[in-house]
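What follows is a short report on a single structure.
This one's a predicted model, so the numbers in the text were calculated from it and none came from an experiment. Proteins get letters first, then strands, A, B, ... in listed order; numbering begins at 1 in each. Only this structure's heavy atoms are used, side chains among them; waters, hydrogens and symmetry mates stay out.
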Number of protein chains: 2
Amino acid sequence: MDRLPNSKHFDSTFKDLRELELFQAMSGENFERLMQGAYLQTFPPQVDLIAEGERSDFLHIVLAGSVELYAQWNNRETSMATVRPTSTFILAATVKDAPNLMSARTLEKSRIVLIPSPDIRAVFDLDCGFARAVVQELAQCYRSVIKNTKDLKFRTSIERLANYLLREQKRQNGQAQFTLPFDKKRLASLLAMRPENLSRAFRQLQDFGVQTQGARVEIQHQADLEALAKPSPLIDDPAS
Amino acid sequence: MDRLPNSKHFDSTFKDLRELELFQAMSGENFERLMQGAYLQTFPPQVDLIAEGERSDFLHIVLAGSVELYAQWNNRETSMATVRPTSTFILAATVKDAPNLMSARTLEKSRIVLIPSPDIRAVFDLDCGFARAVVQELAQCYRSVIKNTKDLKFRTSIERLANYLLREQKRQNGQAQFTLPFDKKRLASLLAMRPENLSRAFRQLQDFGVQTQGARVEIQHQADLEALAKPSPLIDDPAS
DNA sequence: TTGGTTAATTGACAAATATCAAGCAATGAA
DNA sequence: TTCATTGCTTGATATTTGTCAATTAACCAA
């Protein structure tokens with residue numbers, strides 16, 4: 001692993017990090033301190049970064065690529081979320097110094113900053129701006145998970161898929177055509193369904209104007225799909 | 001509503017609140033400020049306190065009784081969590097000044113403190129100790145919801161019920177006999193099942209040594225129930 | 001007590017979802 | 001190219017969960 005100051009890219013990386021909402025309000029001095037202990041690493045795809053149940057040694061920040069959070073129980077595995085640039089993961093475990101509730105692995109080649117958890121907790125005790133920023137980040141995460149719970153408890157698998165497609169379409173700038181960001185097996189797991197049922201669900205969505213070819217999706221009848229999905233800002237709007 | 005300082009009970013209520021982890025680290029001055037704007041109110045059962053989608057005007061703290069958090073979508077309703085003394089709810093919406101993602105109603109007669117959200121945000125910007133305490137509380141809430149998601153995605157309804165009974169048993173000091181804290185309709189909703197299926201699930205659990213009579217539960221064969229439930233600290237341990 | 005309301009249970013059935021097995025399609029390595 | 005591997009799809013079937021209707025049980029006010 002490279003210590004950040006030794007990296008050829010540390011100037012631009014510093015700037016990227018400093019612009020993160022999480023690090024904007026804190027003092028330059030404390031930011032320096034965090035960066036001095038930090039590592040920058042590029043990981044290939046499918047690399048396990050942290051394991052469920054382990055203590056959180058580092059706060060992770062995804063600068064490029066994407067990371068899957070997943071969990072296991074009773075020999076089963078489920079995908080919990082995807083982390084994309086630029087955001088953190090296992091912040092809650094880090095500030096509580098508690099075991100990770102989820103594992104994480106890279107989905108693609110990813111640039112990740114690792115900041116030692118003790119540094120985070122130490123600076124967090126010193127720097128009010130940072131503490132306040134952590135609150136905003138955690139509140140955001142909390143609300144995301146609540147929305148996900150509502151999605152799971154209220155909707156059938158087809159409704160979950162329909163709403164997922166609408167959200168993904170928005171995230172990719174709202175064009176009728178877009179590409180699924182990962183394979184369908186993982187998508188099925190994320191949506192709490194089996195791959196077989198995801199296939200069947202996609203076929204049922206053809207009646208609502210959704211065409212697929214491999215990972216390519218085209219929403220031909222937006223209104224029909226929305227009538228089926230009944231999206232709600234209190235479930236599907238990432239900002240609200 | 002009573003302003004706190006006018007309440008006959010404000011001395012002991014102050015003390016109770018000050019002992020809350022959320023308010024322990026903050027300065028006396030800022031605590032006073034929060035209390036000056038605060039209201040204390042006793043509500044009868046089944047009173048709606050906040051509604052999903054509304055802005056959060058007050059941070060709520062349950063001093064006595066219990067409060068149900070629930071959500072609605074498409075003419076359906078689901079129970080999300082139960083809040084018991086002494087803890088807060090809608091903290092995330094308050095600090096983000098965002099719409100509530102859940103509604104709340106009293107389950108029983110409840111004593112609740114309401115602190116105006118602008119006060120919370122103002123003091124939160126002034127007082128580092130408070131900001132740090134908010135982080136701890138939010139991290140705890142976040143982890144609870146993650147655990148709940150794992151419970152939902154991994155387990156069948158009978159496994160969810162089995163694990164719920166084990167958790168509730170622990171919460172009530174681990175005796176073989178205990179009483180369900182609310183009616184079965186609400187329990188079914190909390191566990192993402194229909195009342196009919198909850199009935200049937202209780203009957204299936206008889207084979208695993210669970211006897212019920214009304215709200216009274218007796219776990220006669222702890223080992224059998226645990227073998228079915230396969231509880232995991234990373235899902236079922238409220239502390240970890 | 002009575003009657004009226006709601007909660008809880010039961011059975012029959014329908015819908016949703018999971019599982020198993022097979023086959024096809026896409027991908028990458030030799 | 002070929003083979004092998006993996007991902008995706010399809011059909012048949014099993015299991016789980018939901019719905020509807022009817023009944024019983026519990027509770028409360030008059």
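Summarising the geometry, atom NZ belonging to A:Lys184 is positioned 10.0 Å from atom CG belonging to A:Leu161; distances are rounded to the nearest 0.5 Å. Note: A:Leu152 CG to A:Lys147 NZ = 14.5 Å, rounded to the nearest 0.5 Å.
Rounded to an integer number of Å, the gap from B:Leu198 CG to D:dT19 P is 15 Å. The nearest whole Å value for the distance from the CD atom in A:Glu159 to the P atom in D:dG18 is 13 Å. Computed from coordinates, the B:Gln46 CD to C:dT6 P distance equals 13 Å when rounded to whole Å. Atom CZ in B:Arg186 sits roughly 11 Å away from atom C1' in C:dA7 (whole-Å rounding). The CD atom of B:Gln204 sits 13 Å away from the P atom of C:dG11 (whole-angstrom rounding). The separation between A:Met193 atom CE and D:dT15 atom P is 21 Å, rounded to whole Å. Remark: P of C:dT17 and CZ of A:Arg194 are 12 Å apart, rounded to the nearest angstrom. Counting to the nearest Å, the P atom of D:dT9 and the CG atom of A:Leu161 are 11 Å from each other.
When the side-chain nitrogen and oxygen atoms of B:Ser199 are compared with OP1 and OP2 of C:dA8, none of them lie within a distance under 4.0 Å. The side chain of B:Ser157 places an N or O atom within less than 4.0 Å of a non-bridging phosphate oxygen (OP1 or OP2) of D:dT17. Look at A:Arg200 and you won't find any side-chain N or O under 4.0 angstrom from OP1 or OP2 of D:dT9. Distances shown here put every side-chain N or O of A:Asn197 at or beyond 4.0 Å from the OP1 or OP2 atom of C:dT17. Residue B:Lys185 places at least one side-chain N or O under 4.0 Å from the OP1 or OP2 atom of C:dA7. Here B:Arg203 reaches the OP1 or OP2 of C:dT10: one of its side-chain N or O atoms lies under 4.0 Å away.
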**Request:** Check the pair A:Gln169, A:Gln222 against side-chain hydrogen bond (donor to acceptor under 3.5 Å, both in side chains), reporting the backbone distance first and the verdict last.
**Result:** CA-CA 11 Å; A:Gln169 182 193 32; A:Gln222 189 82 22; 2.9 Å; yes

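Listed nucleotides: C:dT9, D:dC8, C:dT19. Nearest to the side chain of B:Glu196: C:dT9.
Listed by chain and residue number, B:Gln140 satisfy the side-chain contact (heavy atoms from CB on, under 4.5 Å) test with B:Ser144 (two or more places apart in sequence, or in another chain).
Using bins of under 30°, 30° to 60° and over 60° for the plane-to-plane angle, the ring pair A:Tyr39/A:Phe58 lands in the perpendicular bin.
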